[in-house]
K.L.:
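So that we are looking at the same thing, I have put the structure below in structure tokens.
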Amino acid sequence: MHKIGLFYGTYTGITSMVAKKIADELGAENVDLHNICNDGEAMQNYQYLIIGTSTWSIGELQEDWDHFMPKLQTMDFTGKTVALFGTGDQVGYPDTFLDGMGMLYETFQYRGAKFVGFWPTTGYDFTSPLPLLDHDHFVGLAIDEDNQSELTDERIKEWCKLIRPAFNL
Ligand SMILES: Cc1cc2nc3c(=O)[nH]c(=O)nc-3n(C[C@H](O)[C@H](O)[C@H](O)COP(=O)(O)O)c2cc1C
């Protein structure tokens with residue numbers, strides 16, 4: 001069985017907290033957790049990837065992902081299965097809600113990744129187009145701990161159910 005590599009970037013710890021919850025939900029033995037500030041190049045070792053980021057500075061990718069971007073833009077993800085998740089604040093930053101997740105989607109897509117885990121936009125209120133796959137779906141799981149923390153655990157649970165088959169779990 002292939003292990004899943006979960007790579008996240010975080011500033012205040014929210015995205016790492018969500019990453020740990022996702023790993024627990026999928027079974028900690030099935031997931032290797034990596035902070036992108038330490039060992040991003042290890043992404044190349046995995047067939048199955050989960051990628052998480054927050055958004056900062058009104059529409060900017062989380063800092064450690066931003067630093068890793070030049071390297072990421074040289075990596076090949078052809079044939080790899082990728083599920084994305086993002087954390088953000090839809091009330092404070094509706095125009096740039098989860099833009100970081102949208103930026104990573106574009107980069108991984110350009111580098112050949114195959115995506116799973118699109119998530120419905122029902123129950124969110126925002127205007128940013130960047131994290132959207134289509135009118136009704138985000139490109140990955142959308143978490144808003146700033147305003148909807150009571151929904152986080154259930155969202156993670158449902159999303160993990162959705163991605164399990166694609167990761168052979
Ligand atoms: C100054 C500032 C700017 C932010 N900009 C955005 C933004 O543009 N879009 C968004 O969705 N969230 C934005 N956020 C909210 C954070 O992304 C959110 O709190 C996130 O969960 C933080 O995760 P982290 O601690 O893992 O980095 C911003 C927060 C602050 C304080």
Side-chain angles (χ1 to χ4, degrees), residues 4-26 28 31-43 46 49-73 82-110 113 115 117-160 162-163:
I4 301 165
L6 192 164
F7 292 79
Y8 63 88
T10 189
Y11 185 56
T12 67
I14 290 174
T15 313
S16 65
M17 180 270 286
V18 173
K20 285 190 190 94
K21 287 186 176 201
I22 290 171
D24 285 346
E25 193 61 37
L26 293 174
V31 183
D32 292 332
L33 281 171
H34 300 268
N35 189 320
I36 192 66
C37 73
N38 296 325
D39 52 0
E41 295 194 28
M43 259 187 271
Y46 295 91
L49 290 164
I50 299 177
I51 301 294
T53 188
S54 48
T55 300
W56 282 92
S57 309
I58 314 180
E60 298 294 327
L61 198 49
Q62 190 273 338
E63 200 178 13
D64 300 312
W65 275 113
D66 199 40
H67 286 161
F68 189 68
M69 209 31 130
K71 178 70 199 171
L72 191 64
Q73 285 166 340
V82 175
L84 298 167
F85 71 96
T87 66
D89 171 356
Q90 66 195 292
V91 174
Y93 308 92
D95 300 348
T96 55
F97 181 51
L98 303 180
D99 273 9
M101 179 168 72
M103 289 174 201
L104 289 182
Y105 175 76
E106 284 177 2
T107 306
F108 278 85
Q109 187 185 42
Y110 191 70
F115 294 94
F118 304 130
W119 185 248
T121 51
T122 315
Y124 302 83
D125 190 9
F126 65 100
T127 51
S128 169
L130 219 54
L132 291 178
L133 177 74
D134 55 37
H135 186 68
D136 302 322
H137 294 90
F138 291 103
V139 293
L141 174 65
I143 295 293
D144 184 345
E145 268 288 296
D146 297 61
N147 308 290
Q148 299 179 324
S149 59
E150 73 284 2
L151 301 178
T152 294
D153 287 357
E154 191 55 28
R155 283 173 170 167
I156 290 172
K157 213 177 177 144
E158 283 304 307
W159 186 70
C160 286
L162 187 68
I163 64 172

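Just so you know, residue 1 is the first one in the sequence shown, and it goes up from there. Read the numbers this way: they start at 1 and go in the same order the structure lists the ligands and their atoms.
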K.L.:
With Arg155 as the cation and Tyr124 as the aromatic partner, state whether NZ or CZ is under 6.0 Å from the six-membered ring centre and within 45° of the axis.
P.N.:
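Yes - Arg155 lies over the ring of Tyr124, closer than 6.0 Å to its centre and within 45° of its axis.
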
K.L.:
Kindly write out the residues that satisfy salt bridge (Lys or Arg N to Asp or Glu O under 4.0 Å) with Glu158, not counting sequence neighbours, or none if the list is empty.
P.N.:
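Here the qualifying residues are Lys161.
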
K.L.:
Taking the side chain as every heavy atom from C-beta outward, state whether Cys160 and Ile22 have any pair of such atoms under 4.5 Å apart.
P.N.:
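When only atoms from C-beta onward are counted, Ile22 and Cys160 do touch, with a gap below 4.5 Å.
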
K.L.:
With Asp153, which residues qualify under side-chain hydrogen bond (donor to acceptor under 3.5 Å, both in side chains), at least two apart?
P.N.:
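Expected list: Lys21.
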
K.L.:
Could you pull out every donor-acceptor pair under 3.5 Å between side chains of residues 7-17 and any protein atom, sequence neighbours left out?
P.N.:
| residue | atom | partner | partner atom | Å |
| --- | --- | --- | --- | --- |
| Thr10 | OG1 | Gly13 | N | 3.0 |
| Thr15 | OG1 | Thr87 | OG1 | 2.9 |
| Ser16 | OG | Gly13 | O | 3.0 |

K.L.:
Exactly which residues line ligand 1, taking a heavy atom under 4.0 Å from it as the test?
P.N.:
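For ligand 1, the residues that come within the 4.0 Å heavy-atom cutoff are Thr10, Tyr11, Thr12, Gly13, Ile14, Thr15, Ser54, Thr55, Trp56, Ser57, Ile58, Gly59, Thr87, Gly88, Asp89, Tyr93, Thr96, Phe97, Leu98, Asp146.
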
K.L.:
Do Asp89 and Val91 come close enough that some side-chain heavy atom pair is under 4.5 Å?
P.N.:
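A side-chain contact under 4.5 Å exists here.
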
